[in-house]
Peer 1: 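Structure in structure tokens, see below.
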Protein chains: 2
Amino acid sequence: MTKADTAGSAGPSKPKGWNKEWNGCPVRYAAGVFGDKWSFVLLRDVLLHGKRYYGEFQRSEERISTNILANRLAHLVETGMLTRHIDSTSRNKVFYRPTAKSRALIPAFLGVMVWSTEYDSCTEAPDSFAKAFRSDPKGTIAWYEAEIDKVDAALPDPEP
Amino acid sequence: MTKADTAGSAGPSKPKGWNKEWNGCPVRYAAGVFGDKWSFVLLRDVLLHGKRYYGEFQRSEERISTNILANRLAHLVETGMLTRHIDSTSRNKVFYRPTAKSRALIPAFLGVMVWSTEYDSCTEAPDSFAKAFRSDPKGTIAWYEAEIDKVDAALPDPEP
DNA sequence: CATCTCACTTGCAATTTGCAAGCAATATTC
DNA sequence: GAATATTGCTTGCAAATTGCAAGTGAGATG
């Protein structure tokens with residue numbers, strides 16, 4: 001058994017008390033999947049910043065600590081938001097790819113970003129972003145989808 | 001000084017390490033405002049379920065504990081998502097109203113709900129909801145806005 | 001005045017987080 | 001091919017947060 005196969009076996013348990021039935025209500029279900037800041041930020045990195053490797057997530061501005069990172073990646077894999085793969089060109093590396101389920105969250109994510117852009121006085125997002133999304137949401141979504149496809153196309157053959 | 005004026009003075013501090021600069025990046029900013037399950041669920045209660053009173057939040061299915069409830073309400077007031085008012089018809093009661101800032105989140109919230117409806121196999125949301133939102137997002141948003149207006153119109157005169 | 005309701009506050013045990021090390025499995029360098 | 005990096009985690013703890021149960025004080029109620 002290689003170390004790459006043992007992921008998610010230990011460490012802190014799931015984020016908070018989300019073990020049981022945080023489903024049914026749509027808002028509650030979403031809270032159970034990405035309703036903590038780290039999961040949320042990781043999804044941003046995967047969906048919007050093209051990050052795929054453990055080390056890339058670790059180097060994010062927010063400086064997530066490594067045990068929490070491992071825990072949240074496992075959580076996102078468990079909830080079907082990411083799939084985990086061994087890099088065939090360098091078998092000590094691992095990458096995570098967004099699934100259809102997480103990609104389907106892009107519209108909502110962009111909606112949140114438009115909101116932040118409007119209400120965060122220190123926002124770093126350019127006005128053009130909110131403008132673009134408001135004038136052509138479908139096109140903006142399609143653009144982000146295409147970016148994801150590009151990133152994933154450049155990855156090595158996924159194992160397994 | 002009445003007890004109603006002392007809210008938010010003590011208890012647990014803010015959710016996690018969000019004291020400093022969780023702004024700039026739009027996703028990070030959003031995470032700082034409602035990126036924890038309880039804030040998220042409270043916003044749902046205010047925006048979608050017409051809840052306004054402390055006691056109403058407390059009675060939600062998710063059974064938030066009272067100290068966390070007080071803490072999160074204070075957080076949402078601090079971040080400009082809610083305003084706190086004393087009920088003029090019964091001065092020991094307090095209600096919280098959504099601001100323009102939190103109402104502006106409705107589109108994103110509905111987007112999240114559509115996503116959950118699609119991916120939570122145990123969803124309690126009817127198909128008709130996602131269908132309605134997809135075919136007429138603006139109309140659906142307007143409907144929820146109007147519901148909020150109705151609820152708020154029925155509240156006593158806010159103090160202060 | 002006695003009692004009840006409401007909105008919190010407080011104390012404390014149980015979790016969870018964050019930080020710093022450690023570690024096994026490749027990769028790379030010499 | 002042995003020594004040294006890298007990479008992706010795991011582990012140990014102290015510190016912070018959560019959850020639970022039990023107050024508390026202001027105001028309403030009878």
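Below, all heavy atoms of this structure are taken into account, side chains as well, without hydrogens, waters or symmetry copies. Chain naming here is simple, since letters A, B, ... match the order of the sequence lines and numbering starts at 1 in each.
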Peer 1: In this structure, how many angstroms lie between the C1' atom of dT17(C) and the NZ atom of Lys37(B), rounded?
Peer 2: 15 Å
Peer 1: Give me the atom names and distance for the closest heavy-atom approach of Val112(B) to Phe40(B).
Peer 2: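 The answer is CG1-CZ, 4.3 Å.
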Peer 1: When you measure from every atom of DNA chain C, which of residues 56-63 of chain A have a heavy atom less than 4.0 Å away?
Peer 2: none
Peer 1: Does anything in residues 49-73 of chain B form a ring pair (Phe, Tyr, Trp, His ring centres under 6.0 Å)? List the pairs, not counting sequence neighbours.
Peer 2: Tyr53(B)-Phe95(B)
Peer 1: Closest approach of Ala132(A) and Thr140(A), non-hydrogen atoms and distance?
Peer 2: O-OG1, 3.4 Å
Peer 1: What are the two closest non-hydrogen atoms of Pro98(A) and Asp152(A), and how far apart are they?
Peer 2: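 Smallest heavy-atom distance, with atoms named: CD-OD2, 3.9 Å.
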Peer 1: Please determine whether a side-chain nitrogen or oxygen atom of Tyr96(A) lies at a distance below 4.0 Å from atom OP1 or OP2 of dC9(D).
Peer 2: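 So the side-chain polar atoms of Tyr96(A) do come within 4.0 Å of the phosphate oxygens OP1 or OP2 of dC9(D), strictly under.
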Peer 1: Round to a whole Å and report the spacing from CG of Asp36(B) to C1' of dG19(D).
Peer 2: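 Nearest whole value for this atom pair: 14 Å.
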Peer 1: Rounding to an integer number of Å, can you tell me how far Lys93(A) NZ sits from dT6(D) P?
Peer 2: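 Between P of dT6(D) and NZ of Lys93(A): 12 Å.
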Peer 1: Output the residues of residues 40-52 of chain A in contact with DNA chain D, where contact means a heavy atom of the residue under 4.0 Å from an atom of the strand; sort by number or write none.
Peer 2: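 Going residue by residue through residues 40-52 of chain A, none turns out to have a heavy atom under 4.0 Å of DNA chain D.
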Peer 1: Whole Å only: how far is the CG atom of Asn67(B) from the P atom of dT18(D)?
Peer 2: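 These atoms are roughly 9 Å apart.
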Peer 1: Hydrogens and angles aside, do Ser39(B) and Asp36(B) bring a side-chain donor and acceptor to less than 3.5 Å of each other?
Peer 2: yes
Peer 1: Hydrophobic clustering (ILVMFWY, side-chain heavy atoms < 4.5 Å, transitive) - are Phe129(A) and Leu105(B) grouped together?
Peer 2: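 Yes.
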Peer 1: If you measure from the Lys or Arg side-chain nitrogens to the Asp or Glu carboxylate oxygens, is any gap between Arg59(B) and Glu56(B) under 4.0 Å?
Peer 2: no
Peer 1: Between protein and nucleotides 28-30 of chain D, what N or O pairs are separated by less than 3.5 Å?
Peer 2:
{"unit_1": "dA28(D)", "atom_1": "OP1", "unit_2": "Arg91(B)", "atom_2": "N", "d": "3.2"}

Peer 1: Please examine the side chains of Lys93(B) and Arg52(B), heavy atoms only from C-beta on, and report whether any two atoms are closer than 4.5 Å.
Peer 2: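 SC-SC contact between Arg52(B) and Lys93(B) ruled out.
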Peer 1: State which residues pass salt bridge (charged side-chain N to carboxylate O under 4.0 Å, His left out) with Arg103(B); sequence neighbours excluded, sorted by chain then number.
Peer 2: Glu145(B), Asp149(B)
Peer 1: Between Glu62(B) and Lys37(B), is there a side-chain N and carboxylate O pair less than 4.0 Å apart?
Peer 2: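 Between Lys37(B) and Glu62(B) there is no salt bridge, as every charged N stays at least 4.0 Å from the carboxylate O atoms.
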Peer 1: Which whole-number value in Å describes the distance from Leu69(A) CG to dT16(C) C1'?
Peer 2: 16 Å
Peer 1: Ile64(B) CD1 to dC8(C) P: how many Å, rounded?
Peer 2: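 Answer to the nearest Å: 13 Å.
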Peer 1: Would you indicate which nucleotide in dT9(C), dG8(D), dT17(C) comes nearest to any side-chain atom of Tyr54(B)?
Peer 2: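 Closest nucleotide to the Tyr54(B) side chain: dT9(C).
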Peer 1: Using atom CG of Asn71(B) as one end and atom P of dT18(D) as the other, report the distance to the nearest whole Å.
Peer 2: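 These atoms are roughly 7 Å apart.
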Peer 1: When you match Thr66(A) and Leu73(B) each to their closest nucleotide on DNA chain C, which lands nearer the 5' end?
Peer 2: Leu73(B)
Peer 1: Can you check the Asp87(A) CG to dA25(C) C1' distance for me, whole Å?
Peer 2: 14 Å
Peer 1: Applying salt bridge (Lys or Arg N to Asp or Glu O under 4.0 Å) as the test, list every pair that has at least one member in residues 105-117 of chain B; sequence neighbours left out.
Peer 2: none
Peer 1: Indicate the atoms forming the closest heavy-atom contact of Thr99(A) with Gly80(A), along with that distance.
Peer 2: OG1-O, 2.7 Å
Peer 1: Is there a side-chain contact between Trp38(B) and the phosphate of dG19(D), meaning an N or O under 4.0 Å from OP1 or OP2?
Peer 2: yes
